[in-house]
Every structure is written in C-alpha cells, then in structure tokens.
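Everything below concerns the one structure shown next.
Naming convention: chains lettered A, B, ... in sequence-line order (proteins, then strands); numbering from 1 in each chain.
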Number of protein chains: 2
Amino acid sequence: MITIKDIADEIGVSTAIVSIVLSGRSAANKRASPELATKIKAVAAEFGYTPNVSARALSKKRQNTICMLASRKTGQAESTDASATLFGVSKVLSANSFRTVLQYFETEEEFTGCIGNLRRQFMDGVVVDPGWIFNPEKYRDSIEQKGLPTLFFLQNAAENIFDIGINHDEVSTVATEHLVARGCKKIAFFDMGGAAGQLRLEGYQKAIANAGMQFDKRMICHLSGKDKYKPAIADRGIGKMIEAGIRFDGIVAASDGQAFVLLHRLQSLGIKVPEDVKIIGVDNSPICELSFVKISSVSGQPELRGEIAARKLLHRIAPEEFDGGAAGEITNIPPKVVARESTLKN
Amino acid sequence: MITIKDIADEIGVSTAIVSIVLSGRSAANKRASPELATKIKAVAAEFGYTPNVSARALSKKRQNTICMLASRKTGQAESTDASATLFGVSKVLSANSFRTVLQYFETEEEFTGCIGNLRRQFMDGVVVDPGWIFNPEKYRDSIEQKGLPTLFFLQNAAENIFDIGINHDEVSTVATEHLVARGCKKIAFFDMGGAAGQLRLEGYQKAIANAGMQFDKRMICHLSGKDKYKPAIADRGIGKMIEAGIRFDGIVAASDGQAFVLLHRLQSLGIKVPEDVKIIGVDNSPICELSFVKISSVSGQPELRGEIAARKLLHRIAPEEFDGGAAGEITNIPPKVVARESTLKN
DNA sequence: CTGTTAGCGCTTTCAA
DNA sequence: TTGAAAGCGCTAACAG
C-alpha cells in the first residue's frame, strides 16, 4: 500500500506538505510552491496513491460516511421505486468521497433498534426514508441528540424542519393540468382522504378552476374504510359512479395501483383507455409499465430527492466544504408528469 | 466520546488489557482474570463505550466493511426484488459488525468504473449483483487481484467458482411438481431459450417423467427473436397454441411477467384461472401480487442468497473468525414455490 | 514556503 | 496475569 510517507521519501520532503497538497488544503493554507505541488501530485499519480480513509477519519474525526436508514417493503410494485432514492443519495455521496452505509429495517421495532445503534464514531450524518412509519418526525431528535445531522424524507414537510417532502397539492394539480392539456373536459378525482387527500383535492380544484372548468362534486369519488388504500376499493368506487350515470373522460387516481385497477375495470366494461377515458396515477411506480395500456403517472422524482437530500446533508456536516442549500429550509421537489399510453393517444 | 483509556483510567489498569477484554480476545490469549474482565465490561457498559471503528481499522488493517455493487434497473416489477438480496447481505453483515457500503450502477461503463475504484484500504471484500451484465465472471479477477475477496451472484454458477447461483433445472422441476400436485394433467411449458432455458426444459421433463406423464412436444412453447424476453411475445405464443387446438390445464411460464400476460390472455378468452388452467411464474416478483388473480411463482429466495453470500464472504475474509461454508464451493439455493391464487383453487 | 512533532484510538509485541 | 511502548497513516499546530 502506498502511503503519504512513500511519496515524501521519494521526493525528499516531509509528509506534512504532501498531506496538505494531496488533500487539497494547499490553496487555503497558502502553502507549497506550485512546482512542488505538481511534483507531489505527479508522484502520487505514478505510485497510484489512494488515501487511507481510516487514518484520515481517525485524525480528522470525520468518517466520510453517512448512514441511510431505509424501510424495506416486500412486493412494492405499487409504490415509489425505493431504490431510486437510495441511488440518488449514493451517487452524490460517492462523488464527494463519502460512503453510503445501508441499513434496512422492516418493522418499527427494527427501526428504533437501528436508531439506537447510530454512533458519531461510525458516521457523520443520517438519511432516513421512513416509508410507512407513522409520524417519523418523532424520532428525529433522538438521532440529532447524538450530534448526527439527520434528514428525513417526509410525505408532508412541516415548517422549520430540515427535510425533504412532497407537495401533495402540486401532485394533483400537475396531474389534472396534464389531463386538461390532453383534452379532458370532465375529470374525476379519487380521494384517498386524510390530510394528504385534502391537499390533493385542493390541488385538483385549483387546476380545474385555472382551466375555467366548473367544479362538480359528483366527480369526486371518496374512498373510505380501513381498506381505503387498497386498490380494490377504487374498483367498487368507480362501479358506483358508473351505475349512478356519472360521465367522465379523465381520472386522477390516488395511486398507481388504483389507476391499474380502474384501467382494467373500464376495459372490462368496454370503455377504452385512453380513447374514451384518460387515466393518470401517482408515484410512477413499476406497475405503470406492466399493464397492456401503460399508465401515465406523477413522479415525486425520487432520484432527484435523493441527490438533493445528500447535498443538504453534506452541507450541514461541513458547510465550508459543501454547498448544498441553506440548512433549516424545506425543499419540496416539484412533481413531474411521466406521460404514457393511458393519457397519450387521442 | 468514551475511549478505552477512560475505562482503563477509571479502573486503574492499562488500555491494553481493556482492549483485549472488550474485543473478545480474552479467551484466546488466556488473559485477564475473570474478575477484571467482568469489571471492565461493567464499566464499559456503564460508560456506554463503543469502539472507534476507524482506529480499530487503522490498527488491524481491516475495515470491517464490504462493498456491495448492485445493478439498478428502473421499473423492475417484473424481476426479482433486488432489495431482498441487499437486505439479506446487510442483515448478516451488521450482525457481525460489518458495514455494507452500497454502490449502484446502471450501465456497464459505470460498473467498470466502480470496479476501478475498489480499494483494499476502504473495504475487505466485495459482493456483486451483476444483474443484466453479460458474462459478469470476466470481471472477477480484476477485483480479486486487488486482494479483495469477491463474490458474484450468478445466474449459472460455474464450477470451482466461489459464487452463488441458481439451479435452473430445479426451478422448473419444483414449478412442474407443484402443478402436478395441484392436479394438472397436461402441463404447458414456455421456453425462453438459451442455456438457462435448456436447463429449465430438462427440469420440466424430469418432473413430467417423475409424475409418470408422457412428454408431449406440442406442450412446449418456444419463444424466439430478440424480444423473446418480453412478456408480450408469450401472448402471441399462447394464441398460436390455442388456435392449434392444443389443450392444457397448467402452464409453467418462464417469468412472472409472462405469467401475468398469459393470465390476462386466458381471462379474455373466457378461460378461468385457476379453475380451467393453473399458472405458475418464476421469480416471485412484485407483479405476482398485482393481478386480480394473484400469481404463484418460484422464488430464488433472494434474501437467503444474500445472507449466505455475506457469510461466505466473511469466512473468506477471516476464516478463523467467521464460519461460513467452505470457500471454493458453489452454493445453489433451493428454489421455493410461493403458492398463490393462480394455482390454489380447485 | 517547508519541516518537526504530537497526537487521533486501538492493537500488539515485548517485558515484567 | 498485567503494563509499557511502539505503531497503523494521516492531520494540524507550531517552529523555523
């Protein structure tokens, strides 16, 4: 293994100056003549020198490592591609010579166990993708108290919290706008309820108003009961709408799984997608590519979220070194329509 | 931060003995009286001591870190749940206080780039999930040459190679046996071609013979052309079989995506699954849960593969410390049928 | 502009 | 059975 000392010996200088040059602190400290610097770099390259991360970590008291705590659900074709977030995070980190240490959890108990094991000595920060965990914010302080800058991916980014969230109202606004742009005049909206559902509904209403359309209560399909998140419930919902004689030429579904089910229901009723009715889902999950008519969807841009998260965290860890957006600021990634067959053909 | 010295000072002993006790080398070196040992452990627990991984790595020249290189495909609902493998790996590693550093790649170029960056100073070994990369074995030596024990997840485990693979013949054997057990008498087989396809076919034939059935060439649907892996091709294939008047009451599909497509085709022809025809896919991918009739499938047990891979790698890294199956030996994880609606009802 | 020196926290001889 | 001391490779303070 080539060390800094090998290089210093080769040139006949001290290890200190080699260290300063090779770790890029040269400019800041106004040290090392340009000639020496280039010489050192040349020898380092020739020898194939790579710094020993452990030695550096021990000395600098920085591990150049962040820990990513990610929820793992089996069979998640209906939900956001979780690996995309991870991919975005690890891409930015490795570009900045940080390591991404992965820790999966499946149950909330495992999650709290992981949190208990987090240590300043192992890592410099934590990224959490809490997934289905209810009220994940409540865990943040216990991590931060260990001196670990922490960033959560949240569904609803609360104010003054250093996190990355989704603007639910924007999601349905862009979905509805997309349908309007595709020529839909009567757009149905599937409401999943809850705070997020309320925001989604407002986003839909905004887009309807902006398009100069009249809001029609009958176009809203409220799903309820404890199974309201299950796609099959949407199947019953649309059945009732059709029985009631309500007509529509576009549907903003609450999820991709729902869109998938609605698509099949319409097809079995002889209603053509996208010719008669256009459908758009939410999440841009793998399921969108699986049906005969591929489903358009609104993407939360998980990879981009991962990248931004990583940059923000790096900035918190070492503000002078990494530029990543002001800490304490909420970032909402704009949702983006991924158009596929279910809204494309006319 | 609590160090070994804090504990030594508290008790009034040297750091050396504390180190020996706390890192579990006590028994091996026959050192430290039982009383001292318990005392040290008690104080360590009281102080909340956790070792500094960087210091230990620097001293021991072992990083307690393995790098997992994983292919990332977007929209992979049709294929094995990649995170399951990762999950298995990271579970075993963290149980043995190893860190799993994650590195994703999307293109072969990125993959070779990652390989170039692998360093002994950062990690002790490498696990590669090459995904769709063609002939991934060719890259192994370039990693091993760096002194990094490497383990590949391969589709076909070649002999004398320290890897974990799938027995393709067993996959179709268990699939076919499952259909036989469910009462199928005429079982169609979808052949995806290639070496794996040949093995699968042999496995199917073996199960047919074992069941005392006659092998019938017409029950084999050969898919060909460059799109032969695309599920839609299976749609055409089954259409031709039905047109030709070939009757069957069970189907062993080449993949879950294929099973999914076949299921929908049969349904649209008024053929009921599983009443008239039972279908089983391969991979146990998320898509199996998405159709109205959930699809039975053969799982390659990715989580278990990950666990075994991690154990084998740990064993190669430090044989005296970790017990993980003999190196140089191929491990084929037995495929397992996950029965769902598409083969269950009678 | 460059060198010397003292650690970072832990492991590991070698003495006692 | 225990302790003293050297060293892993790098950084940072202080001298020159």
Using whole Å, report how far CD1 of A:Ile20 lies from P of C:dG3. 10 Å
Which residue, B:Arg311, B:Arg62, B:Arg316, B:Lys60, forms the salt bridge (charged side-chain N to carboxylate O under 4.0 Å, His left out) with B:Glu321? B:Arg62
Out of C:dT12, D:dG9, C:dG3, whichever nucleotide has its closest atom nearest the side chain of B:Ser19: C:dT12
Rounded to the nearest angstrom, tell me the gap between atom CZ in B:Arg120 and atom C1' in D:dC8. 14 Å
Whichever of A:Tyr49 and B:Leu36 has its nearest DNA chain D nucleotide further upstream toward 5': B:Leu36
Rounded to the nearest angstrom, tell me the gap between atom CD1 in B:Ile17 and atom P in C:dA15. 18 Å
To the nearest 0.5 Å, what is the distance between OG1 (A:Thr150) and CG (A:Leu313)? 7.5 Å
To the nearest angstrom, the CG-P distance between A:Leu58 and C:dC8 comes to 9 Å
Would the distance check show the side chain of A:Ser94 and the main-chain N or O of A:Ser90 forming a donor-acceptor pair, the cut-off being under 3.5 Å? yes
Tell me the interatomic distance from A:Phe47, atom CZ, to D:dG9, atom P, rounded to whole angstroms. 15 Å
If I take atom CD in residue B:Gln63 and atom C1' in nucleotide C:dG9, what distance separates them, rounded to the nearest angstrom? 15 Å
Checking D:dC8, C:dT4, C:dC10 against the side chain of A:Ala16 (C-beta onward), the nearest is C:dT4
When the nearest nucleotide of DNA chain D is assigned to B:Lys60 and to B:Gly12 on a heavy-atom basis, which residue is associated with the more 5' position? B:Gly12
B:Asn64 side chain to B:Phe98 main-chain N or O, any donor-acceptor pair under 3.5 Å? no
Check every strand shown and say whether B:Thr3 touches a base, only sugar-phosphate, or nothing at a heavy-atom separation below 4.0 Å. sugar-phosphate
Proximal nucleotide (of D:dC10, D:dA4, D:dA12) relative to the A:Ile4 side chain: D:dC10
Between C:dT4, C:dG9, D:dT11, which one does the side chain of A:Arg56 approach most closely? D:dT11
From CZ of A:Arg62 across to C1' of C:dG9 the rounded distance in Å is 19 Å
Would you say B:Lys61 places a side-chain N or O within less than 4.0 Å of OP1 or OP2 belonging to D:dG9? yes
Of all the nucleotides listed (D:dT2, D:dC8, C:dC8), which has the minimum atom distance to the side chain of A:Ser59? C:dC8
Does the B:Lys91 side chain pair with the main chain of B:Glu303, one donor and one acceptor, at a distance under 3.5 Å? no
Could you check how far CZ of B:Arg119 sits from C1' of D:dG9, rounded to whole Å? 16 Å
